[in-house]
Novice: 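Structure below; questions to follow.
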Amino acid sequence: MGKFIKRLFSGTIGVTIFSIVIAFIMGGAILLLAGYNPVQVYMVMIEGVFGKPKNMAWSVIKATPLIITGLSVAFAFRTGLFNIGAEGQFIVGSTVAALFGYYLHLPPLIHIPLVFVGGAFAGGCWGSIAGYLKARFGIHEVISTIMLNWIALYGHNYVVGMPGFARRTNISCDIQDSACITLFKNWKFSEVGRTWFGAHPILRDIFKTPLNSGFLVAVLLVILVWYILNRTTLGYRLRAVGFNKDAAEFGGINVKKSIVLSMFIAGMLGGAAGALQVMGVARNISTLAAMEGYGFDGIAIALIGNNSAFGCLFAGLLFGALKFGGARIQSPPVRAPMEIINIMIGTIVFFIAIPRLIRMIIRWREKRKGDGDA
Amino acid sequence: MAMLNSLGFILGTTLMYATPLLFTSLGGVMSENSGVVNIGLEGMMTFGAFAAATVGYFSGNPWLGFLAGGLASGFLGFLHALACVTFAANQVVSGIAINFLGPGLALFLSRKFFDGATMTYNLPIEMKMPKYFNNMLPEGTFVRQVLNQDISVFMAFTLVLLIWFLLYRTKLGLRIRAVGEHPKAADTLGVNVSRIRYLCVILSGVFAGFGGASMSLAVASNFFQTLISGQGFIALAAMIFGKWKPHGAMVACLIFGCAQAMTIFIGGTGLRVPQEFLSMAPYILTLVILMGFVGRAVAPASDGIPYIKDES
Amino acid sequence: MADVDFTHTTVEMRGIVKKFGSLVANDHIDLTVHKGEVHALLGENGAGKTTLMNVLYGLYQPNSGEIFIKGDKVEVTNPNIAISRGIGMVHQHFMLIPPFTVTQNIILGKETSGPFGVLDIQKAAEEVKAISEQYDLYVDPDQKIEDISVGMQQRVEILKALYRNADILILDEPTAVLTPQEIREFITIIRNLTFQGKTVILITHKLREIKQAADYCTIIRRGKRIDTVEVEKTTEQELASMMVGRSVSFYVKKEARIPGEAILQVKDLVVRDNRNLKAVDGLSLEVRKGEILGLAGVDGNGQKELVEALTGLRRVESGGIFVHERDVTNRDPRDIIDSKVCTIPEDRQKRGLVSDFTVEENIILENFDRKPFSSRGVLNFQAIRDYAGKLIDTFQISPPDGTVRAGTLSGGNQQKVIIAREVSNDPDLLIASQPTRGLDVGAIEYVHSSLVAQRDKDKAVLLVSLELDEIMDLSDRIAVIYEGKIVGIVNAVDADENTLGLMMAGGGQENG
C-alpha cells in the first residue's frame with residue numbers, strides 16, 4: 001500500500017495535482033488583475049458546490065456526462081487513437097435517444113434500456129466511421145472526427161426540426177415518461193411525495209434537482225472500462241495496437257479491425273453520455289448553434305485523469321464541480337466572469353502537457369542541493 | 001444576366017468567407033511545416049477575434065484592431081511554442097489547452113470590458129476593415145460583385161504568395177522545412193531548431209489572430225460567443241486538405257468558402273433543400289476528398305514530434 | 001600510408017567525461033589525431049565511440065575534459081563552432097532530408113543567397129558540382145535524396161562536410177550499408193581525401209576495414225580508452241581482444257549435417273514495395289529441415305519486402321509461399337504463425353516489441369488469446385507470470401523481472417525476449433532478419449548459438465543479414481539476392497567473399 005501511494009504521487013498524479021494547484025494560483029492572479037477578490041470568488045465557488053446538498057447533487061448531475069465522455073476519450077487514447085469526436089458521438093447518442101424516447105411506447109423496464117442502448121449504439125456507429133476511415137483510407141482520426149462532429153451537429157438540428165417531432169421552434173418533443181431516468185420523477189411531485197419530502201427537507205432539497213440514475217451508470221461504466229482495458233484479451237489487443245501497431249500486427253493481431261472496434265467502443269461511450277443526458281436531465285433535444293463542449297471537456301477530463309478509468313471519474317467530478325460552482329460566481333455579490341473556469345481548465349491541461357517542466361524543476365533543485373553540499 | 005448575377009454573388013461570398021479560414025490555415029502551414037502540430041488554431045482565432053474587436057472598438061481604428069488580434073493570438077502562439085519547443089510537450093495536448101484558454105480569456109475579458117456581456121459592441125461601418133475598391137469599381141457590374149471586398153480579403157491572398165515565396169524560395173524557408181522534416185539533420189548543420197520553431201509557431205498564432213480579426217472586423221461587426229465556433233478546426237482541416245502547402249490551403253479554403261456561399265445562395269432562392277444538409281456539405285465533401293485523393297498526403301516527416309536535443 | 005604529419009596534432013581530446021543520467025558513456029577518454037592520418041575508433045556497440053565524436057562535433061556537451069583543435073583550446077558548444085573549425089561529420093544514420101534535393105541538403109545552414117535571403121539554387125548547384133569534381137565524388141545536384149542510391153547518399157554526406165571546408169572528417173560506421181566492392185571504392189575515396197590534406201576519423205567495429213584503411217586505431221571499451229595502436233603493427237586478433245576484453249572466437253562451432261526435406265518453398269514470388277515498385281521480382285528459394293539458409297545482399301534489394309511477405313505483413317502480387325507444402329500465400333500473420341513459422345523481425349523497436357508493455361505482456365504477444373494465458377476473453381495473470389518467469393530463467397533475460405517495461409531493457413536483452421518468445425513457440429521454420437543488428441559481441445554470440453541450436457534440432461532457419469561475415473559463418477547454404485531475385489545459391493563451404501560480393505552487386509550468374 002505504501003509503495004502504491006508513493007508511486008501514485010511521484011508519477012503522473014503528482015504532475016496532475018501540481019497542475020491543478022498552479023491553475024488555482026493562475027486563476028487567482030487573473031481575477032486579481034481583473035479587479036476581483038480571488039479569495040472571495042473561490043469561497044463563493046466552494047460554497048456553491050458544497051454549501052447545500054442540492055448543490056452537490058447538481059455537481060454530480062453536471063459531472064455525469066463529462067465522466068463518460070472523458071472515458072470515451074481515455075479509452076481511445078489508451079488504444080492509440082485521439083477521439084476528438086466524443087462531441088459528435090454525444091450528439092448522435094442524444095438524438096437517437098430522443099427519437100427512441102419519444103416515438104416508442106413501452107414499459108419502463110424495456111424502454112429505458114432500449115433508449116440507452118440505442119443511443120450508445122448510434123454513438124458507437126458514429127465513432128466507428130472515424131475508425132473505418134482511418135483503417136481503410138489512412139485518414140487521421142483527429143481530422144475525420146472534427147468533420148463528423150459538425151455533420152452530427154447539423155444532422156441533429158435537422159432532426160430537431162422534423163415535422164411531428166418539433167414541439168416548437170428549436171425544441172423537440174419530450175421523451176415519454178417510460179424512458180426517463182430521473183429519480184422519483186413522478187412520485188416527488190405527487191401528494192404522497194410532497195408530504196414525505198416535507199418531513200425530510202434535506203432530501204427534498206436534493207431531489208429538487210433532476211437527480212437521476214445516470215451517475216450510477218457512469219460509475220458502472222468506469223468499472224467496466226477499467227476491467228476491459230486491464231483484464232481482458234480485448235483490452236490487451238487494443239492496447240497492443242495503441243502502443244505499437246506494427247508489433248501488434250507482427251504478433252498476429254488484426255490492426256484494422258482493432259482500430260474500428262476501438263472507435264466503436266469509444267463512440268458507444270460518447271453516445272451513452274448523450275443518451276443519459278436526454279433521459280436524465282434534458283428530456284428533449286434542441287437546436288445547437290455551436291458545439292456544447294461535452295466532448296471537448298471529455299478530452300480535458302481524460303488528460304487530467306491520466307487516461308485511466310478511475311482518473312476520469314475524479315476529473316469528471318472536479319469538472320462538474322467547477323462548472324456548477326463557476327456559474328455561481330456570476331451572480332451578486334462577486335459578479336466575476338464564469339469563464340475563469342475555462343481559463344483554469346486550460347491551465348491545468350497546459351501544465352499536464354509539459355511534465356518535463358516539473359521534472360526540470362525537480363532536477364534543478366536536486367542539482368542546487370548537490371552543489372550546496374559540495 | 002440573372003445567372004451572371006448569381007455567379008457574382010456566389011464568388012464574392014466565397015471570397016469573403018474563405019478569408020478568415022485562409023489566414024488561420026496559413027498559420028497552420030507555418031507551424032506544421034516547422035514540425036509543430038497546432039490544433040490550438042481554434043482558440044487562437046477566437047482570442048484574436050475578440051482582441052481585434054475590442055481594440056478596434058476602443059481605438060476606433062480597424063488597423064490597430066487587426067494588429068491587436070494578431071498580437072493577442074501571437075501570445076497564445078508563444079505559449080504553445082513554450083510548451084512544444086522548450087518543454088517538448090505533447091503538441092496535441094498543448095493545443096487542446098490553448099483551445100480552452102483562448103475562448104476562456106476572450107469571454108472573461110469581454111465580460112470585463114463590455115458590462116458582463118459575452119459580446120463586444122457593434123462597430124459602425126467606418127470602424128470596420130475598409131473596402132478600398134468600393135468607389136473604384138463600377139456599380140452593378142460582375143467585377144464589383146466579386147471584388148468589392150474588405151481589404152482583409154486581399155491581404156489574405158497576398159499572404160499566400162508571401163508564404164509560398166518564403167517557404168520555397170528563401171534561405172529561411174529551406175531551414176523551416178528542414179526543421180519540419182528532419183530536425184536532427186538541420187541541427188547537425190548548425191540550424192537553430194528551437195529558434196525556427198518558436199518563430200513559426202508564434203507566426204502561426206499571429207496569422208490565426210488575423211483570421212479571427214477578419215471575422216470580427218470585416219465579415220461580422222463585433223465579437224460574440226459563437227462567432228468562430230469551429231472555423232479554426234476547419235482551417236486546420238483545410239491545411240491538411242491542402243497537403244500542408246500554402247497554395248493547397250488556399251484552394252481548400254476557397255472550396256469551404258464556396259460551400260458556405262452556396263448554402264446562403266440556395267437558402268435565398270427558396271429551393272426546398274433543408275438548410276442543415278447544405279451546412280453539412282463541406283464537411284462531408286472534406287471526408288470524401290480525403291478518401292479519394294489526399295489519403296496519401298504526407299505531413300512533414302517530423303510534424304508533431306518534439307525535438308529533444310540532449311537528454312543529459 | 002598517407003603523409004602523416006606528426007608535428008601537427010589536428011585534434012586532441014583530453015579527459016573527456018560524458019554522462020547520461022547515471023550512465024557514463026565516456027570515462028576520461030584521451031584522443032590524439034594527427035594531420036593527414038586515418039584514425040580509427042574501434043569499439044563495440046554502445047562502447048562510447050559515437051558519443052565521443054558527438055562531443056567533438058558539439059552535439060553533446062562533455063561533463064568535463066578539454067578539446068584542442070589545430071592547437072587551440074576550443075569550447076565546442078554547438079555544431080557551428082565545430083564546422084567553423086573545419087570539422088565535418090557523417091553520421092551512421094544519414095542526416096539527409098529525403099524530399100530535398102542533393103543541393104538543398106548540401107547547402108542547408110550555409111546557403112548561397114541574395115537580398116532578402118532569397119536562395120540562389122543555380123549558383124549553389126554549380127558550387128556543389130565543382131567540389132564533387134574536385135574530390136571525385138560524383139553526385140547529381142538536382143536529384144532528390146529519396147530517389148538516389150545509398151552509395152550516392154553517402155557521397156552527399158561527405159560533400160556536405162567538404163562544402164563547409166572541413167579538413168577533419170568524422171565518418172560513423174560508413175560501410176555498414178555498402179557491398180564489398182563499394183567498400184573498396186570507399187576506402188580509395190578516404191585515401192584520396194588524405195592525400196589532399198584531409199584528416200579522417202573512422203568509427204567502426206569492423207576489424208578488416210581498419211586493417212585496410214586506417215593508420216592508427218584507438219580502442220574504446222565501456223566508455224574507457226584501452227589503447228592507441230599503429231595498425232600496421234597489430235593483428236585483427238589483437239584488436240578484437242582489446243575491443244571485447246577477452247579473446248574472441250571468430251568461428252561459430254557447427255557440426256556438418258545433412259538437411260532433410262524442404263520446409264519453406266517460395267516460387268516465383270512478386271511483391272511490391274511502398275512505392276509500388278516490384279521489390280521482390282520472381283524470387284524462388286527453398287529452406288530445408290536442419291539447415292541455415294543465409295540470404296546475402298545489399299540493403300534495399302528486396303529482403304525487407306520478402307520477409308514481410310513471408311510473415312503475412314505484405315501482400316504477394318503473384319507466385320506462392322508454401323510451408324510444409326501447404327499454400328500460405330497472402331494468409332494473415334496469425335495463420336502463418338499457426339503454420340509453425342516464427343520470425344525474429346528486422347526492427348526490434350518497430351515490429352518486435354511493444355516497448356510500453358511489460359516483458360511478460362510481450363512474451364504472450366502471439367498467444368495472449370489462448371489457454372492458459374486467457375480463457376473466455378479474460379487474462380490469467382498467474383499463468384502469464386509463471387510462463388514468463390520460466391522463459392526469463394531459460395534465456396537469462398536481465399533484469400530477471402517480468403514486470404519491467406520492455407523498452408527499458410538493453411538491446412541484447414530485448415532481442416533475448418524476442419528470441420525467447422519465438423523459439424518457445426517451437427517453430428518448424430525460424431526466420432531471422434538481421435538478428436544481431438546493433439548488438440554487442442556477447443549478445444551476438446548468444447543469437448548465433450541460438451540459431452545454430454534451432455538448426456541442430458532439425459528445424460529450418462532462414463537468416464537474412466546485411467553482414468556478409470555473419471552469413472558466411474552461420475549458413476549451410478548462401479543465397480544472394482539482387483534486385484528482388486536470387487542471383488545465385490552456393491554452399492557455404494565453397495563460398496568466398498569476392499564471388500559473393502560480385503553477385504551482391506548484380507554481377508553473378510545463375511548457378512543455383
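First the proteins, then the strands, lettered A, B, ... as listed; each starts at 1.
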Novice: Pairs in or reaching into residues 144-159 of chain A: which pass side chain to side chain donor-acceptor pair (under 3.5 Å), with residues at least two apart or in two chains?
Specialist: A/Thr95-A/His156
Novice: Please enumerate all residues that pass salt bridge (Lys or Arg N to Asp or Glu O under 4.0 Å) together with A/Lys62, with sequence neighbours excluded.
Specialist: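 With neighbours one apart ignored, the set is empty.
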Novice: Pick whichever of B/Ala237, B/Ala281, B/Ser279 has the most heavy-atom pairs under 4.5 Å with chain A.
Specialist: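 Answer, by heavy-atom pair count under 4.5 Å with chain A: B/Ser279.
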Novice: For residues A/Ile348 and B/Phe100, determine if any side-chain heavy atom of one lies less than 4.5 Å from a side-chain heavy atom of the other.
Specialist: no
Novice: Check step by step if ring pair (Phe, Tyr, Trp, His ring centres under 6.0 Å) holds for B/Phe114 and B/Phe58.
Specialist: CA-CA 11 Å; B/Phe114 296 92; B/Phe58 286 113; 5.5 Å; yes
Novice: Shortest non-hydrogen contact from B/Ser25 to B/Ala249?
Specialist: OG-CB, 3.6 Å
Novice: Taking every non-hydrogen pair under 4.5 Å, which of B/Leu105, B/Ile98, B/Asn99 racks up the most with chain A?
Specialist: B/Leu105
Novice: Using a 3.5 Å distance criterion without hydrogens, assess whether the side chain of B/His80 forms a donor-acceptor pair with backbone atoms of B/Val37.
Specialist: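 Yes: the side chain of B/His80 pairs with the backbone of B/Val37.
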Novice: Which atoms of A/Met338 come close to chain B, meaning under 4.5 Å heavy atom to heavy atom: side chain ones, backbone ones, both, or neither?
Specialist: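 Backbone plus side chain of A/Met338, per the 4.5 Å heavy-atom cut-off to chain B.
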Novice: Find the one option among B/Val92, B/Leu236, B/Thr226 whose heavy-atom pairs under 4.5 Å with chain A are most numerous.
Specialist: B/Val92
Novice: For a 4.5 angstrom cut-off between non-hydrogen side-chain atoms, does B/Cys84 reach B/Arg197?
Specialist: no
Novice: Between A/Ile143 and chain B, which part of the residue has a heavy atom less than 4.5 Å away: side chain, backbone, both or neither?
Specialist: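 It is the side chain, since no backbone atom gets that close.
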Novice: Sort A/Ile341 into side chain, backbone, both or neither according to what part of it lies under 4.5 angstrom from a heavy atom of chain B.
Specialist: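 Neither part.
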Novice: Could you check which of B/Ala88, B/Gly116, B/Gly95 has the highest count of heavy-atom pairs closer than 4.5 Å to chain A?
Specialist: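 Most heavy-atom pairs under 4.5 Å with chain A: B/Ala88.
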Novice: I would like to know whether A/Ser72 and A/Asn83 meet side-chain hydrogen bond (donor to acceptor under 3.5 Å, both in side chains); could you show each step before the answer?
Specialist: CA-CA 8 Å; A/Ser72 166; A/Asn83 184 19; 3.0 Å; yes
Novice: Heavy-atom cut-off 4.5 Å, strictly under: side chain, backbone, both or neither for B/Thr118 against chain A?
Specialist: side chain
Novice: Contact part of A/Phe296 toward chain B, heavy-atom cut-off under 4.5 Å: side chain, backbone, both or neither?
Specialist: both
Novice: Could you check if a side-chain atom of A/Ile84 sits within less than 4.5 angstrom of a side-chain atom of B/Ile96, using non-hydrogen atoms only?
Specialist: yes
Novice: Relative to chain A, which of B/Gly230, B/Gly43, B/Gly102 shows the most heavy atom pairs under 4.5 Å?
Specialist: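 Ranked by contacts with chain A, first place is B/Gly230.
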Novice: For chain B, which of A/Gln330, A/Arg335, A/Met291 has the most heavy-atom pairs under 4.5 Å?
Specialist: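 So the answer, after comparing A/Gln330, A/Arg335, A/Met291, is A/Gln330.
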Novice: With only heavy atoms counted, which part of B/Ile39 is less than 4.5 Å from chain A, the side chain, the backbone, both or neither?
Specialist: side chain
Novice: Checking A/Ile340 against chain B: side chain, backbone, both or neither under 4.5 Å from a heavy atom?
Specialist: both
Novice: Looking at B/Leu82, B/Ile284, B/Leu109, which one has more heavy-atom pairs under 4.5 Å with chain A than the rest?
Specialist: B/Ile284
Novice: Hey, would you say the A/Phe351 and B/Phe87 ring centroids sit under 6.0 Å apart?
Specialist: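 Aromatic pair excluded; centres sit 6.0 Å or further apart.
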Novice: When heavy-atom pairs shorter than 4.5 Å are enumerated against chain B, which of A/Val142, A/Ile343, A/Val349, A/Ile345 gives the highest number?
Specialist: A/Ile343
Novice: For A/Leu133, is it the side chain, the backbone, both or neither that has a heavy atom under 4.5 Å from a heavy atom of chain B?
Specialist: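 For A/Leu133, the side chain is the part near chain B, not the backbone.
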